[in-house]
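Below is one structure, written out as structure tokens; the observations come after it.
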Number of protein chains: 2
Amino acid sequence: MEIDKGKPTNGDLDLKIDRESYEPAYIQLVNIIKQQISLGVFRPGDKLPSESKLCKEYKVSPMTVRRAVNILIDQAVANAVQGSGTYVNSINLGSAAFHLKGLQEFFLDESTTVKILEVRIVPAKDRASKKLAVGGGEPLILIRRLLLKDNEPFFYHKEYLIYDPTRPIVESELEVTSLRGLFSGTGSSEFKNGELGIEATVISSEEAKVLKAETGTAAFLLEHIFYDFNQSPVSWGWFICRGDKLSFTTTVGIQETL
Amino acid sequence: MEIDKGKPTNGDLDLKIDRESYEPAYIQLVNIIKQQISLGVFRPGDKLPSESKLCKEYKVSPMTVRRAVNILIDQAVANAVQGSGTYVNSINLGSAAFHLKGLQEFFLDESTTVKILEVRIVPAKDRASKKLAVGGGEPLILIRRLLLKDNEPFFYHKEYLIYDPTRPIVESELEVTSLRGLFSGTGSSEFKNGELGIEATVISSEEAKVLKAETGTAAFLLEHIFYDFNQSPVSWGWFICRGDKLSFTTTVGIQETL
DNA sequence: TAGTGGTCTAGACCACTTA
DNA sequence: AAGTGGTCTAGACCACTAG
């Protein structure tokens with residue numbers, strides 16, 4: 001696209017950085033560029049103005065421009081090619097991500113309660129033995145919980161924990177607070193990191209009973225395994241949720257508001 | 001935790017920034033701090049050294065420290081409280097995100113092919129009419145595709161497109177390249193943005209036939225709607241994939257390697 | 001009031017791409 | 001050779017927090 005070099009490259013908008021605004025200059029610049037892409041001033045594949053041009057145009061320092069451009073790159077709105085320029089991306093489903101914020105809200109909700117269905121020591125076998133890296137027959141703690149929202153069953157949770165005789169099970173660990181802490185990041189977790197997986201499955205008869213659902217209906221299975229600071233597995237289990245009660249959504253491409 | 005102020009706060013590691021390395025200083029600093037958290041030098045809830053201390057300790061400028069700390073904050077490893085300090089986060093499932101990179105790889109794979117099952121003009125009705133914001137009875141393009149990998153059915157894709165008589169359907173838009181472009185960000189898309197959703201479902205008889213699966217087995221449904229640069233809906237549809245052929249995984253907490 | 005993070009400046013040098 | 005992005009310096013001022 002040909003640009004008249006005597007004029008700013010922002011079309012008819014003539015947007016400026018408002019120095020009096022509480023919004024930082026680099027955020028304003030991000031939004032200005034996004035809006036220009038949104039309006040078609042810059043199209044996918046187009047080269048954005050160089051950093052030095054943006055400096056002059058908006059009268060900010062190179063570091064501020066750089067910070068704004070980096071944000072656009074982080075958000076997969078643009079990509080930089082060293083020595084060449086910064087280019088607007090096409091829409092890219094591969095860069096999409098589904099967040100678990102919805103689940104976080106579920107656990108922070110006041111009407112969410114936990115019902116302990118079972119707590120007992122079981123001998124490790126099969127998958128639990130493998131996942132938790134303990135020999136078959138070694139004792140594990142099995143916890144089965146039902147998570148309710150407004151007294152309606154929502155999640156069925158089955159979890160195997162490493163049995164440590166020196167650390168008795170504290171009641172608080174069984175309550176909703178422990179799970180809430182996991183999802184919200186509050187609480188001082190013993191876990192260093194973990195792995196999560198989502199699968200599509202159908203509800204088994206065991207699960208159907210506690211979830212008040214019919215066997216064979218669709219459900220999400222959210223598997224988890226957590227490791228302690230020695231990188232030893234500590235907890236393995238999974239959540240089951242009826243498919244009609246949960247879904248994950250996200251957006252791709254340029255969003256009107258950040 | 002009490003720290004002997006005469007010594008560096010990195011325990012027995014005594015890690016330094018290697019100025020000769022190709023790895024930028026700020027990346028090295030990110031990894032050093034992560035490793036310290038990983039080793040338990042800093043635990044969840046602990047305050048990280050202040051920026052000025054990190055400057056002195058690693059002999060880098062404030063901007064470099066700042067950049068490293070911002071990366072940790074972006075990765076949800078730590079959080080900053082203005083006027084107070086920067087604190088290590090607990091593990092937080094709510095910040096977890098499932099990426100579609102796996103699907104991107106699927107579409108980039110050479111052995112992935114597309115079989116067009118049907119292309120025809122249909123009158124808009126029900127959900128398609130609503131989602132694409134056209135009146136009932138208006139013409140829409142319906143495309144049904146089967147995506148195969150190594151000649152085995154993988155995805156069933158059903159898509160409704162706005163019918164624009166001025167823009168005839170180009171054959172290339174029906175091939176795998178168009179979908180590949182969507183997932184990889186290559187290709188010059190007409191779409192500005194879109195919304196995606198994942199649901200758990202069971203395979204219907206129609207879907208079972210083309211996917212060579214049994215009715216009633218678990219499946220993922222990936223719904224999509226795309227908008228053009230006028231923010232008008234252009235495409236609505238969904239992918240169906242057998243649950244045993246697809247899963248989404250991610251990690252939470254501190255990872256050993258970035 | 002001292003310390004902290006949040007923002008920003010006005011440059012610099014380098015590696016890389018393009019012509 | 002000229003232009004571009006990638007990194008980094010050595011400060012500055014501000015708003016906020018905490019003792």
Side-chain angles (χ1 to χ4, degrees), chain A residues 1-3 5 9 16-33 42 45-89 258, chain B residues 1-3 5 9 16-33 42 45-89 258:
Chain A
M1 198 203 299
E2 275 298 310
I3 300 287
K5 280 166 188 169
T9 58
K16 287 173 192 158
I17 306 279
D18 177 7
R19 293 295 175 169
E20 308 303 315
S21 168
Y22 277 97
E23 218 172 17
Y26 69 94
I27 295 287
Q28 291 185 51
L29 187 49
V30 164
N31 287 332
I32 288 171
I33 296 173
F42 304 124
D46 286 356
K47 181 148 76 172
L48 289 180
S50 75
E51 302 192 350
S52 59
K53 272 183 193 155
L54 290 172
C55 288
K56 286 172 200 159
E57 189 164 328
Y58 295 102
K59 299 190 174 55
V60 288
S61 79
M63 279 302 296
T64 303
V65 168
R66 170 142 293 271
R67 191 163 177 187
V69 171
N70 277 335
I71 287 173
L72 292 174
I73 292 167
D74 283 347
Q75 295 181 353
V77 170
N79 67 91
V81 180
Q82 193 176 119
S84 172
T86 305
Y87 301 86
V88 179
N89 285 341
L258 180 56
Chain B
M1 199 202 302
E2 275 296 310
I3 301 287
K5 278 164 189 172
T9 56
K16 288 173 190 159
I17 306 280
D18 177 9
R19 293 295 176 169
E20 308 303 315
S21 168
Y22 277 98
E23 219 173 17
Y26 69 94
I27 295 287
Q28 291 185 51
L29 186 49
V30 164
N31 288 332
I32 287 170
I33 296 173
F42 304 124
D46 286 356
K47 181 149 77 170
L48 289 179
S50 76
E51 303 192 350
S52 60
K53 272 182 194 155
L54 291 172
C55 288
K56 285 172 201 158
E57 187 163 329
Y58 296 101
K59 298 190 173 55
V60 288
S61 78
M63 277 304 296
T64 303
V65 167
R66 171 141 293 270
R67 191 165 177 184
V69 171
N70 277 335
I71 288 173
L72 293 174
I73 292 167
D74 284 347
Q75 295 182 352
V77 170
N79 65 91
V81 180
Q82 195 177 119
S84 171
T86 304
Y87 301 85
V88 178
N89 284 340
L258 178 56

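Chain letters run A, B, ... following the sequence lines, proteins first, then strands; residues in each count from 1.
Taking atom CD of B:E20 as the reference point, atom P of D:dC8 lies 13 Å away to the nearest angstrom. Per the geometry, CG belonging to B:L72 stands 12 Å off P belonging to C:dG5, to the nearest Å. Here the C1' atom of nucleotide D:dA15 and the OH atom of A:Y22 are 10 Å apart, to the nearest Å. Rounding to whole angstrom units, CD1 of residue A:I71 and P of D:dG6 are separated by 14 Å. Atom NZ of B:K56 and atom C1' of D:dT9 are 17 Å apart (whole Å). As a whole-Å value, the separation of A:E23 CD from C:dG6 C1' is 14 Å. Spacing between atom CD1 of A:I27 and atom C1' of C:dC8 amounts to 14 Å, rounded to whole angstrom units. Atom-to-atom, CG of B:N70 to P of D:dC8 comes out at 14 Å; the value is rounded to the nearest Å.
Nearest-nucleotide assignment on DNA chain D puts the 5′-proximal partner with A:G83, out of A:G83 and A:I73. Residue order along DNA chain C, read from the 5' end via each residue's closest nucleotide, puts A:K59 first among A:Q82 and A:K59. Residue order along DNA chain C, read from the 5' end via each residue's closest nucleotide, puts A:Y26 first among A:S84 and A:Y26. Each of A:E51 and B:S61 was assigned the nucleotide of DNA chain D with the nearest heavy atom; the assignment lying further toward the 5' end belongs to A:E51.
Across all strands shown, D:dG19 forms no Watson-Crick or G-U wobble pair with both distances under 3.5 Å.
The side chain of B:M63 lies closest to D:dT9 when the candidates are D:dT9, D:dC8, D:dT4. Minimum atom distance to the side chain of B:R66 is reached by C:dG6, of the listed D:dT9, C:dG6, D:dG5. Here C:dA10 is the nucleotide among C:dA10, C:dT7, C:dG5 with the atom lying nearest to any side-chain atom of A:P62.
Look at B:R19 and you'll find a side-chain N or O under 4.0 angstrom from OP1 or OP2 of D:dT9. Look at B:S50 and you'll find a side-chain N or O under 4.0 angstrom from OP1 or OP2 of C:dT4. The side chain of A:R67 places no N or O atom within less than 4.0 Å of a non-bridging phosphate oxygen (OP1 or OP2) of C:dC8.
Side-chain atoms of B:I17 and B:K59, non-hydrogen and from C-beta on, never get closer than 4.5 Å to each other. Considering only heavy atoms from C-beta on, A:Y58 stays 4.5 Å or farther from A:T64 through its side chain. Looking only at side-chain heavy atoms (C-beta outward), B:E51 and B:P62 stay at 4.5 Å or farther from each other. Counting only heavy atoms from C-beta outward, the side chains of B:P24 and B:I27 approach each other to under 4.5 Å.
With B:V30 as reference, B:I71 is the one residue of B:N70, B:I71, B:V69 to meet the side chain to side chain contact (heavy atoms under 4.5 Å, CB included) rule.
The residue B:V81 sits close only to the backbone: its heavy atoms come under 4.0 Å of sugar-phosphate atoms, none of a base.
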